[in-house]
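Heads up: the structure comes next, in structure tokens.
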Amino acid sequence: MDKIKFLFKKSIEQILKNLGKHDEYNCRLPGGGLLHIESGLPYLIVYRKKTKDVGTKEIVLSEACYLVIGRKDFKGYQNLIFALADHFSTKYESYLLFELFSGPENSTNFSMKGPAELLPKTLKVLENGLQQINLIVPNIQIGTRMENTNSRHPDGRRPLLSIEKTKQCGALLLGLEVPPIYRDVKNRLYPVFFREFHNFLTKAMQQAIYDFIRIQTVCGVTSYNALGQRYPKEKVFEIDRKLSDIENSYQFLWLVSPSNIHNIKNTFFDSGFETILDYHYRLLPIDPDLLKRKLYELRIEKIEDPTLSYIFRQKREELDHQISMLNERGTANFFYNSIRLHHGIERELKEEAENLLKHLPETNSEDNEDSRMDTQEFAALAQKEIDFLKKQDNSFTCKIHIRKDLNIMMVSQGDLYIPADYNVKRYEAEALIQHEVGIHALTYFNGNQQPFKQLSVGLADYDPMQEGLAVFFEYMADGLSTNRLRTLAGRVIAGWARLNGKDFKKIFELLVKEYGFSKTRGFNITSRIMQGGGLLKDIIYLKGLLKLMHYLKNGGKIEPLLSGKFGFHHIETIQQLTERNILKPPVLKPRYLLDLNFEAKVETIRQGLPVYNMVCDSIPKETQIANK
């Protein structure tokens, strides 16, 4: 970072020269001032240092181009602003100077100061954005007024530039007075409210600035999302690394699945479905108390970028819940935290599950040995898919582990784990490989190519999208069978029953007697939902598929969802970070995304294909007729 002690003509010329050498330029200025400019953007947010003004400067520090004016040499700062505007307006045909300052302590109004006749649309965009803040402000109504004035600076302060000067340097000057409702009368910040206020204000400002850029300049920015900072600070990457280290210090699903599952199953069946052994769990490799201490030592509140701060706070909260659950395995508290972690079960989801089970009777055809695939053969098929993805990028890796102490197949940290006694129908094998390798391992790798490790381990509540995508690609591979879809529905029914206080035997009987599941399938569903004392993770498969179908029906595209592991509520955030060039598009693409029939099959979903018609195996003709 450069440091300028005096804003003389020569030092300002040096700043302009240095700007051309860097995509991101930072410079310390006299009196505690600071200049931060990222290339390709024809605007500057300006803030003047002020006593007892907590919070206001922090709003500015999250912007891609800002100037904090120090406490001395104001004339030098005026010369610097003129030089910057003159330099960039020559390149972009115009330049926006946007001064932000707080109003009186009792103010409840935004005041926009500028030339209403010159920028009517830009100011209207700003006004509309500012009015959205009323969605989060309790008890009071925040007003927005436009002042068509040449005095666009704080009361009692000198203007940044005279109107005549702005014309000379090709700039346009706006002022925005902000009601300081984010702090109390003693100048103490309301931190939780301030975060929301900051988010809303930043979005409103960026939308207005983008409108100015689009109309008044020749800059190539294509969206307001591209106006955030493109070069996160090192402290952001440090927090990201530490969050990932905490999550990677344990394997949550591994630690909440019983190590004696085979004994539990054999005893339950041998006893005529009466005796249920206690679940035994693997020893914890971590101390939950120490891990939580590390978690809350992370200074996430110091991240200036509101978008990044938001996703890291979410992740910390999710890890907090997971660590608590590890410490509570086998207790009622485990289940309560599972409800919080997976957001319970909406009635609509339960009704969709019942609808699927109504339309899709279980198929019980006897299979000969040739129609099924054992663990070794399945692993060999999975290796072929790994080799296919490796052709897209030679650095892709996915190791295959065959384990005797597993009851489920899963991908963990990019590797595939298969139970030693795994057995699957041949026509389902390709679909399940697309599920595990084609989505879970692929998005782990794509996330690993991003600057933030969180995109490989998963942002908060990423599971519904991951499993929704994985089941969707089972459908694309023509391997989404009746029994597979029934299983996903059965997991929701089992979760609903657990929420209503049903125990292992009651849930098993419900699935077998009322919904027609085979005893083996009923046991598998029940044993998974009862892990730890009650784990609702299994509901997310159907939940995620339904959300994904809704997303597609509204015009959503699949490819942007593959750049890492994140949730449906992160889609706009990921898009924004991609447009800011912080994140990359996906490196690997699933096999069936490249299939010639991909768009045609997606179109059937957009046209309203019912979930029960996504199955690949035959449905009795009378059922098909009833479904029409």
Side-chain angles (χ1 to χ4, degrees), residues 239-264 276-298 300 311-345 401 403 405-415 417 419 440 444 453-454 456-464 466-467 491 494-495 498-499 503-504 526-541 565 567:
I239 288 172
D240 172 61
R241 286 192 297 269
K242 289 182 177 179
L243 275 174
S244 298
D245 289 345
I246 289 171
E247 184 162 14
N248 288 332
S249 66
Y250 62 89
Q251 294 188 50
F252 181 75
L253 290 181
W254 181 254
L255 293 170
V256 301
S257 62
S259 58
N260 62 330
I261 186 62
H262 297 295
N263 289 338
I264 293 171
I276 304 159
L277 298 179
D278 290 337
Y279 280 37
H280 294 164
Y281 302 102
R282 296 163 182 85
L283 296 176
L284 292 180
I286 47 95
D287 183 328
D289 292 341
L290 292 179
L291 213 53
K292 281 199 175 189
R293 185 185 304 167
K294 287 183 180 180
L295 198 59
Y296 284 96
E297 284 175 348
L298 301 179
I300 294 176
I311 61 176
F312 286 138
R313 286 199 316 275
Q314 278 190 322
K315 187 62 181 182
R316 178 167 64 185
E317 182 178 352
E318 180 178 79
L319 292 179
D320 185 5
H321 291 329
Q322 283 190 359
I323 295 166
S324 293
M325 290 170 71
L326 291 178
N327 209 27
E328 297 164 349
R329 294 174 301 176
T331 71
N333 285 341
F334 180 95
F335 184 52
Y336 300 145
N337 265 315
S338 179
I339 297 171
R340 294 183 65 186
L341 194 63
H342 298 292
H343 310 293
I345 301 175
H401 306 268
R403 300 288 296 256
D405 55 352
L406 274 180
N407 67 323
I408 57 172
M409 179 171 57
M410 64 180 179
V411 167
S412 179
Q413 297 181 14
D415 287 348
Y417 291 80
H440 294 331
Y444 177 85
K453 292 180 178 292
Q454 293 306 304
S456 62
V457 297
L459 300 185
D461 198 29
Y462 75 92
D463 284 319
Q466 274 288 294
E467 301 303 349
R491 291 170 177 176
R498 186 70 187 94
L499 281 167
D503 61 13
F504 192 111
T526 304
S527 65
R528 285 168 61 114
I529 211 73
M530 293 302 294
Q531 291 180 151
L535 182 63
L536 288 183
K537 180 184 183 297
D538 276 358
I539 70 167
I540 65 176
Y541 293 80
K565 296 179 183 288

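Remember, it's a predicted structure, so these values are computed and weren't measured experimentally. Basis for what follows: all heavy atoms, side chains included, without hydrogens, waters or symmetry-related copies.
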Flag, side chain of S259 to backbone of R282, donor-acceptor distance under 3.5 Å: no

Any P285 side-chain heavy atom under 4.5 Å of Q251 side chain: no

Point-to-point distance, once rounded to the nearest 0.5 Å, from CG of L535 to CZ of R498: 11.0 Å

Is the shortest side-chain heavy-atom distance between L341 and E318 below 4.5 Å? yes

Taking the six-membered ring for Trp, are Y417 and W254 parallel (under 30°), tilted (30 to 60°) or perpendicular (over 60°)? tilted

List the steps, then state whether side-chain contact (heavy atoms from CB on, under 4.5 Å) holds for H343 with D461. CA-CA 9 Å; H343 310 293; D461 198 29; 3.4 Å; yes

State, yes or no, whether a side-chain contact exists between L536 and F335 at a heavy-atom distance under 4.5 Å. yes

Distance-minimising heavy-atom pair for I539 and G344: CD1-O, 3.2 Å

Could you check whether any side-chain heavy atom of I264 comes within less than 4.5 Å of a side-chain heavy atom of S527, counting everything from C-beta outward? no

Evaluation steps, salt bridge (charged side-chain N to carboxylate O under 4.0 Å, His left out), between E297 and K294: CA-CA 5 Å; E297 284 175 348; K294 287 183 180 180; over 6 Å; no

Heavy atoms, side chains only, cut-off 4.5 Å: are Q454 and I311 in contact? no

With heavy-atom distances below 4.5 Å as the criterion, would you say the side chains of K453 and E247 are in contact? no

Between atom CG of L326 and atom CD of E328, what is the distance when rounded to the nearest 0.5 Å? 9.5 Å

Whether the K537 and S338 side chains hold a donor-acceptor pair (N or O, under 3.5 Å, no angle test) is what I'd like checked. no

Assess whether side-chain contact (heavy atoms from CB on, under 4.5 Å) is satisfied between Q314 and L459, documenting all intermediate values. CA-CA 8 Å; Q314 278 190 322; L459 300 185; 5.9 Å; no

The reported gap from CG in L295 to CG in D320 (rounded to nearest 0.5 angstrom) is 6.0 Å

Has Y281 got a side-chain atom pairing as donor or acceptor with G532's backbone, closer than 3.5 angstrom? yes

Please report the closest heavy-atom contact between P288 and L284, naming both atoms and the distance. CG-CD1, 4.1 Å

CZ of R313 to CG of L298: how many Å apart, nearest 0.5 Å? 13.5 Å

Would you find more than 12 non-hydrogen atoms of other residues, nucleotides or ligands less than 6.0 Å from K292 atom NZ? yes

Measure up the F252 and Y250 rings against each other and bin them: parallel (under 30°), tilted (30 to 60°), perpendicular (over 60°). perpendicular

Mind checking the CG-CD spacing from L255 to Q322? Nearest 0.5 Å is all I need. 10.5 Å

N337 side chain to M325 backbone, donor-acceptor under 3.5 Å: no

When rounded to the nearest 0.5 angstrom, what distance separates NZ in K315 from OH in Y462? 6.5 Å

Mind listing the closest non-hydrogen atom pair of S244 and V457 along with its distance? OG-CG2, 4.3 Å

Hey, does F334 have a side-chain heavy atom less than 4.5 Å from the side chain of Q531? no

Got R316 and I300 here, is their nearest side-chain heavy-atom distance under 4.5 Å? yes

Using a 3.5 Å distance criterion without hydrogens, assess whether the side chain of D538 forms a donor-acceptor pair with backbone atoms of T526. no

